Amino acid sequence: ILSIDQKGNYFLNNTKQPSKAITKQQLLSAIYAIMHKDKKNSPAIYVKGDKDVEYGKIVTAMSLLQKAGATQIGLFTQPPTDTLKGRAHT
């Protein structure tokens, strides 16, 4: 999972220090290593962005993941808290 905070900093959950921000180059290197470890079974990489991060930062991150060889990229989303409240399900 690649997390992006509201300032656009990157955090990768499989690093030695997942709570420490990493640079774009460190992200590229880490994802490249993961993707080329076993090309037949490359894992999906998920992006989780802070609700206040600029959308462009998410797009940049996804572009970096693709550049590093990721072919399966997903987004974590959280539905608004008021979704379907008080509405009848049909």
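Predicted model only: the values in this text are computed from it and were never measured.
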Exam field: side chain Asn13 to backbone Ile1, donor-acceptor pair closer than 3.5 Å: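 The answer is yes, because a donor-acceptor pair under 3.5 Å joins these two groups.
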Short side-chain to backbone donor-acceptor contact, Thr60 and Gly56, under 3.5 Å: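 Such a contact is found between Thr60 side chain and Gly56 backbone.
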Are the side chains of Leu75 and Ile58 in contact, using a 4.5 Å heavy-atom criterion?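 With C-beta onward as the side chain, the pair touches.
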Do Ile31 and Leu12 come within less than 4.5 Å of each other through their side chains, counting heavy atoms only?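 Side chain of Ile31 against side chain of Leu12, heavy atoms only: contact under 4.5 Å found.
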Residues in side-chain contact (heavy atoms from CB on, under 4.5 Å) contact with Lys7, at least two apart in sequence or another chain: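 Once residues adjacent in sequence are excluded, the partners of Lys7 under the side-chain contact (heavy atoms from CB on, under 4.5 Å) criterion are Asp5, Asn9.
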Once side-chain contact (heavy atoms from CB on, under 4.5 Å) is applied, do any residues pair with Ser42, and if so which ones, sequence neighbours excluded?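 Here the qualifying residues are Met35.
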Output, in order, the C-alpha distance, side-chain angles, deciding distance and verdict of side chain to side chain contact (heavy atoms under 4.5 Å, CB included) for Lys20 and Thr15. CA-CA 9 Å; Lys20 183 179 177 186; Thr15 61; over 6 Å; no
Could you note down all residue pairs passing ring pair (Phe, Tyr, Trp, His ring centres under 6.0 Å) where residues 57-78 supplies at least one of them, sequence neighbours left out?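 Listed by first then second residue: Tyr46-Phe76.
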Tell me the ring pair (Phe, Tyr, Trp, His ring centres under 6.0 Å) pairs involving residues 1-26, sequence neighbours left out?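 Listed once each, the pairs would be none.
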Heavy atoms only: give me the nearest Gln66-Ile73 pair and the separation to one decimal.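 In this case the closest contact between Gln66 and Ile73 is CG-CD1, 3.5 Å.
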Can you name the residues that form a side chain to side chain donor-acceptor pair (under 3.5 Å) with Asp50, not counting sequence neighbours?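 Applying side chain to side chain donor-acceptor pair (under 3.5 Å) to Asp50 gives none.
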For Thr23, what residues pass the side chain to side chain donor-acceptor pair (under 3.5 Å) criterion, not counting sequence neighbours?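 Thr23: side chain to side chain donor-acceptor pair (under 3.5 Å) contacts with Gln26.
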Atom CG of Leu65 and atom CG of Leu2: how far apart are they, to the nearest 0.5 Å?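 Here the interatomic distance stands at 5.5 Å.
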